[in-house]
Novice: 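Below is one structure. I have some questions about it.
In what follows, chains carry the letters A, B, and so on, assigned in the order in which the sequence lines appear, proteins first and then strands, with residues in each chain numbered from 1.
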Amino acid sequence: MYTASILGVIKAYIFDANNPYRDKAMSMLRRIVVEPVFGISLAIAVIAFVTGAVNPNFWTVENWEAILRWIIALSVMAMGESFVLISGGIDLSVGSIAAASGMVLAYLIHCIGIPIPISIFLTLLFGLSIGLFHGAFVSILSPPFPQIMPAFLITLVSKIFFGGFAQAITLGWPIVLHQYRALALVSTTPILVTILLITAILSIYIQRFSILGRYVYAVGGNIDVARISGVPINKVRLFVYGYSGVCAALAGVINTSLMMTAYPGTGLGMELFAIASNAVGGVSLAGGEGMALGAIIGSFLIGLIRNSLVLTGVSPYWIESVTGIILAVAVVTDLYRRLRIR
Amino acid sequence: MYTASILGVIKAYIFDANNPYRDKAMSMLRRIVVEPVFGISLAIAVIAFVTGAVNPNFWTVENWEAILRWIIALSVMAMGESFVLISGGIDLSVGSIAAASGMVLAYLIHCIGIPIPISIFLTLLFGLSIGLFHGAFVSILSPPFPQIMPAFLITLVSKIFFGGFAQAITLGWPIVLHQYRALALVSTTPILVTILLITAILSIYIQRFSILGRYVYAVGGNIDVARISGVPINKVRLFVYGYSGVCAALAGVINTSLMMTAYPGTGLGMELFAIASNAVGGVSLAGGEGMALGAIIGSFLIGLIRNSLVLTGVSPYWIESVTGIILAVAVVTDLYRRLRIR
Amino acid sequence: MRGISRTTLAIVIIAVVVIAAVAGFLVWRYYFATPPKKMVFVVIGKSVHPYWSVVEAGVKKAGQELGVEAIFWVPSKEDVPAQLSTMDTYIAQNVAGIAIAPSDPSAATPYINKALEKGIPVITIDTDAAQSNRLAYLGTGNYRAGWLAGLLAWQCLKEKGYAKPGATVKVAILTGSLTAANSLERIAGFQHAIGNASKKDPDIGGNINIVWLGPYNDEEDAAKALSLASSVLASHPDLHAAFGVYAYDGPAWTKAMEGAGIPPGKICLIEFDVTPDNIPPVKSGYAYATVGQRQYFMGYYGVKLLYNMTKMGVEQALKNFIPGYPNNKIYDTGVDLVSTRTFEFTAPTGEKVKVTSIDDYRNLCVQLGVDPKLLLGE
Amino acid sequence: MHRAPILETVDIWKRFPGVIALKGVSIKVYENEIVGLVGENGAGKSTFLKIIGGILRKDSGKIYWMSREVEFRSPHEALENGVAYVPQDVNILGNLSLYENVFIGRENKSLFLPRDSRREIEASRKVFKELGIDIDPIIKGREVGFSIAQLTLIARAIYFKSKLIMFDEPTSGLGVIETEKLLNIMTRLRDMGVSIIFVSHKIEEVMNVADRIYVLRDGTLVSEYSREQFDLHRIVRDMVAREVKEFFPKEKVEIGNIIMEVKNLSDTVGFVKNVNFYVRRGEILGIYGIAGSGRTEMALTLIGFRPKKSGTIVIDGKTVEIRRPRDAINHGIGYLPEDWRLSLVLIMSISENISLPIINSLRVINLGGLSPIDFSSESKISRDYVNKLRVVPPDIKRRTLYLSGGNKQKVAIAKLLASRSKILILDEPTHGIDVGAKVEIRKLMCDIAKEGKAVILISSELPEVINMSDRILVMREGTIVAEFSRDEASEEKIARAAIL
Ligand SMILES: Nc1ncnc2c1ncn2[C@@H]1O[C@H](COP(=O)(O)OP(=O)(O)OP(=O)(O)O)[C@@H](O)[C@H]1O
Ligand SMILES: Nc1ncnc2c1ncn2[C@@H]1O[C@H](COP(=O)(O)OP(=O)(O)OP(=O)(O)O)[C@@H](O)[C@H]1O
Ligand SMILES: [Mg+2]
Ligand SMILES: [Mg+2]
């Protein structure tokens, strides 16, 4: 029903030539959706088609719920990362922050006994403060250094530090949270979808429609020009790293809620997939280009590939390699297309 | 003895005021060694001093051999990576190439029965061809794209692919090579040191003294200007990725020889340390700056930290976190110093 | 001159998505009309590792014998979300039965229970998830295996005369993960066994100082394991005992000892797993023994048990298979302790511990239907 | 007297998304000849040269090089064939030394051989001297300013005497003296057998040295003049398709009281030493100096882009604290960098660039940083300025990266004007801009002054400084050494003050 009404709206826009908003809406649609998404959407469609042909269970609601459940944390993380990448930096710490946040959340709930909503809030604050620290460090050193250098170094250090920290607080043992029923609510499908939607809308709004977003692109495009044009470059960087930290912490909360256990290894190394989602989704690693939607699509592609390899029964030993090949094909198609548009 | 003679030469240069070459040599020394290395060397000295005070076993030959053994594969890999980074790209695949190379080497020796030297040669060729492929891919797409984008994507794909490939060829089983005594020669200390020296001298020569080296820096500094100036940018990129591939394969050979068994997991993830070694050693991730020596010093620092944390008896659960902190301090000192020089 | 206009692109995208969706739906309808083919059983392991390759062999064998589709799946490294998301996917597919070796038992619990609620029988193998409603557990606990390794280490320390009243004994542990449950349990078992034995031993009576070094984390990288082992030996040349928690850790210890010039037998090294790589250290005398789990049976019996559950009902199947059911829901697949010779000793804890020689172990393999070459090499 | 042409192009076409840059251009270049190529901004001059130099690929047409049909696929290949291009977008490699910038790509040796740094340093020192600059070629490219970078590129071209050198606006960032030297060198090179294509917006220069002039308009060749037929006004009319009579449309404006006073301004490294000056409402204050005299550094220090050691800035009688460019903007000081690389985010569109400094005020409702941008007024403002300055193509959604050099400069000016500051510092505002637009911009300067604002005009074009300013300051080695009122100023006096 929901789908039907959306389709209705789309139809009205596309086919009703008298609609005065049609052109505006179309151009907005183009700007938000079409541009960054075409090549990858094609890949997604092909994968879906092939998987569906091999294993009809692919098209069941349960399967799509399963796909969704496991990519939301990655999507959220990737959206946060997209801000940092667009601003011309990099955040390698998001995986470790997610891992540490999961442990912190469990610690607050289980060992200290703080109510769940407050614990979640404090956990997000934890992610925020790490992110702000990164932002401050980068701001102090750049300029004169190119942004990527201090960004890489400090977030690498954080990656190592918080990865270790997550292991160390419980000496590697997980914290079990099964008795805290309310926590499981976070990972029910409607709430997950709500989280995704809110984060996505907020991210897209900031990037495409707000002043802050314009500043983020300017800083990533050319930081000297941004500075001479009066852009508050340090505030911008505090914001992007802080946002990325919060998103990472949120991903940690989602992961913990999904498993109702805080396992210190969860999320470690996820930054690679977060960055890859962005790269696949057309966010330029050189800064200044791309958008959060690309990050979502990219992480969706990655999640879909995983699911489809399981469903088509590819040997687990070859799953990684096949993932590599599919990603390569998707990426090459997309780059080639963008090459022609340029 | 070897050390003594080098020291003698250095002493002659420094203290013999009548030596006409003294100034020249000193300025060259400064250019090659002191500039990029000071901050980190300080960190190294402090760590060595503290560790030696806590645990006198630190200064035993065995311990230094142990440090050396592990560092050499990383150094070699990091030197290869330094070329790619200086040229403004990134190579995320080196760890996986090392893993795959180890398996390929074992496969050639054990399953096909090719003589060891030829197998090693073929393995290096394997690394080379992967690297050349990366170089070609990047060259085709960049410009117009900023180099980092295709580089990140294709080497990420390779990282995933070859990581999986290493596991898949034997379904996760290691290949045991104990009977091939000659292979163990590769990892005897003198040979390892020779490998390190040769790679280092070759890398430093190319970067600092050859025409190609200048081109590498030019491509990393500003690829468009380099192109207009008549630099054969595609050849340069074929070279840097190829070199990086060969170095990674060499690291794989060293690892395999050290264990006399090819494990599919050995080397996976090492790219992070290879890149970190460069970042720590002053190689700019934005391209155009830095040198191979920095990569060696950086990997030495990383190896040393690991050794010293074991020797000083830091709780293994906190090793990661402490590593993070030490790295942070070293890096901040160094950045701060360079900030003042600028 | 933009090639295709953006609007065309938009229409093409929508068209492609719609076509894919419709086609997929049609195919699904087509399949839906035909009855399901083979039954599908899924066994989920922890990581790509020789250990799990042996489990896989058992799974495939059972699948062949029963004429069902037996899928074996592992993530490439220990990865809890990857494992659980895959399990979730299989649950969504309504497979006929699932056997899982949870990387994190408590994290897996919601998913095990969810599958059971949907009517999919679930058992655990290798690692138990005791708080969940899983129908049965097949395997020897890693804790138990670690415990036996600890008893072996204690026996060796006694033999070498390191364990004397008032002495200080240094024991180092090397592992591939500080978070994976199997590693944590093996280490806990190992440490508890030595601690227990030292207290219960009549000669010692707890009058001994045990220094624990580690567990050092090599992150499943054999080269890193070697470097850590070398560092440990360099800082503690007087090490008495060493434990390699993951398969390659034993060989890494051995290499490091060779490198440091330590003669075979000086340090009591206990390895884990039987792979071709674990045998040379035993043969050369560097390793006192290695601990092998009979993982083949976890895969083999796991699939058979799940199959029987679907054929004769859960209760009946379990009653036939597990002695002492329903009070006991655990089937012990057993542990082999492999060394150069066959012998038996009574541990201070009062247990009888049996150690088999490599040759006996080879015979045992043949007897149990496992290709010994797979485990022992040539 | 002429034999077969050394270079001949036949019907060259080049299309970019949204524009046709070249619509069938055919020219001939003979040996021992300087050919001038002039045209409005965006006429296609650079595109044409880039196609010959192997940087861009043509869509159709033929190029004959030494009577052989060729298509260079890379600048590398072009250089190997003796065709050198000196780009308009002055850019040298910041991470390499100046001498390396001179020699890179032209070592003509196998890649793995050692470089010959000593010889290269000596040789480049010599060419630099020949061009009249005394600079240590070891310093890094990023440490020198615009004009030294420009000269480095020129040094590179004249050291390797290629058969054909294409200069794309080489004099745009140079002062009179360097320009003079360069023109002399060009004639000398011609006499040595080198052919030259010379693109410039300073038509007089072209007429001075060229043997023939081609005029390009809107991608088509509109006329060709041989030396005897040169006539400034006809050439300009061919270029802009209308009559331009007055090149310096100075208007008399009532001068008010002091709006800004700068006292004791010094930077931390000594490029700016103790600068004192003031500027009044309605005044155009010219600042002249030779390359490296520190004018740009002074301006950058003033607005807080470079670190300041000392100095007080008084605006409207109040001492203000300026620690970063943002403060300067807030206090009403607008700065136009001498190099559009410092004023444009190239991957952003024209309108996004124009609105960047003022985007903060273009909001629908105030939510701080999260305020939504008022897109309609943003595009309205941009469109106004794009039309006013005649940016081509007038598509405000186009990325500035894809604009011609002069149009980039126009957008940079638009960006400054849009911020409606009360004190404007214009650093080389007209360089790279075609004659017609130059006049427009000079008119705009007068209009701004009429509004009671102040304009500080930093320029290396002496006639521009003299004809447009009410008062002229001369800088040398980082400080102000002379001041002239409009009446006492003459080219000779000013030049003497600048050099001595
Ligand atoms: N890479 C590109 N992509 C798209 N359009 C381009 C590109 N390069 C140039 N153009 C367009 O081609 C036209 C000609 O540009 P060109 O740079 O040749 O002008 P020009 O005569 O050199 O002008 P100027 O005097 O300003 O340097 C311009 O309209 C410009 O916008
Ligand atoms: N002859 C020289 N020797 C050494 N350094 C020089 C020389 N000429 C210029 N520089 C350096 O280059 C920088 C700027 O030079 P550039 O020629 O670009 O200045 P400009 O912008 O043309 O002139 P101005 O500084 O007067 O605006 C100066 O900071 C100066 O240090
Ligand atoms: Mg031009
Ligand atoms: Mg200047």
Novice: Looking at A/Leu153, A/Ile148, A/Leu327, A/Leu156, which has the largest count of heavy-atom pairs under 4.5 Å with chain B?
Specialist: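 Looking at each of A/Leu153, A/Ile148, A/Leu327, A/Leu156 in turn, A/Leu153 comes out on top.
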Novice: What part of A/Leu285 lies closer than 4.5 angstrom to a heavy atom of chain B: side chain, backbone, both or neither?
Specialist: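 A/Leu285 touches chain B through backbone and side-chain heavy atoms alike.
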Novice: Start with the C-alpha distance between A/Phe126 and A/Phe162, add both sets of side-chain angles, then the distance that settles side chain to side chain contact (heavy atoms under 4.5 Å, CB included), and finish with yes or no.
Specialist: CA-CA 12 Å; A/Phe126 168 77; A/Phe162 287 103; 4.0 Å; yes
Novice: Is it the side chain or the backbone of A/Phe137 that comes within 4.5 Å of chain B heavy atoms, both, or neither?
Specialist: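 For A/Phe137, the contact with chain B is made by the side chain alone.
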Novice: With only heavy atoms counted, which part of A/Leu171 is less than 4.5 Å from chain B, the side chain, the backbone, both or neither?
Specialist: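 For A/Leu171, the contact with chain B is made by backbone and side chain together.
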Novice: Atom CZ in B/Phe145, atom CD1 in B/Ile140: separation rounded to 0.5 Å?
Specialist: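 Answer for the CZ-CD1 pair, B/Phe145 versus B/Ile140, is 12.5 Å.
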Novice: Please collect all salt bridge (charged side-chain N to carboxylate O under 4.0 Å, His left out) contacts where either partner lies in residues 272-282 of chain B, sequence neighbours excluded, each pair once.
Specialist: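 Qualifying pairs: none.
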Novice: By number, which residues in residues 304-312 of chain A have some heavy atom less than 4.5 Å away from chain B?
Specialist: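 From residues 304-312 of chain A, none sit under 4.5 Å of chain B.
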Novice: Which of the residues A/Ile319, A/Ile154, A/Thr323, A/Leu272 is involved in the greatest number of heavy-atom pairs with chain B at under 4.5 angstrom?
Specialist: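 With the most close heavy-atom pairs to chain B, the winner is A/Leu272.
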Novice: Would you give the length of the straight line joining atom CD1 of A/Ile97 to atom CE of A/Met270, rounded to the nearest 0.5 angstrom?
Specialist: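 The CE atom of A/Met270 is 12.0 Å from CD1 of A/Ile97, to the nearest 0.5 Å.
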Novice: Indicate the atoms forming the closest heavy-atom contact of B/Gly164 with A/Glu320, along with that distance.
Specialist: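 Minimum heavy-atom separation between B/Gly164 and A/Glu320: CA-CB, 3.5 Å.
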Novice: Test your reading of the model: is there a side-chain donor-acceptor pair from A/Thr155 to the backbone of A/Ser93, 3.5 Å cut-off?
Specialist: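 Not confirmed, A/Thr155 side chain does not pair with A/Ser93 backbone.
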Novice: Would you name the heavy atoms of B/Pro146 and A/Ser284 that are closest together and state the gap between them?
Specialist: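 Distance-wise, the nearest heavy atoms are CG-OG, 4.1 Å.
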Novice: If we only count heavy atoms from C-beta on, is the B/Ile223 to B/Pro143 side-chain gap below 4.5 Å?
Specialist: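 Yes, at least one pair of side-chain atoms sits under 4.5 Å.
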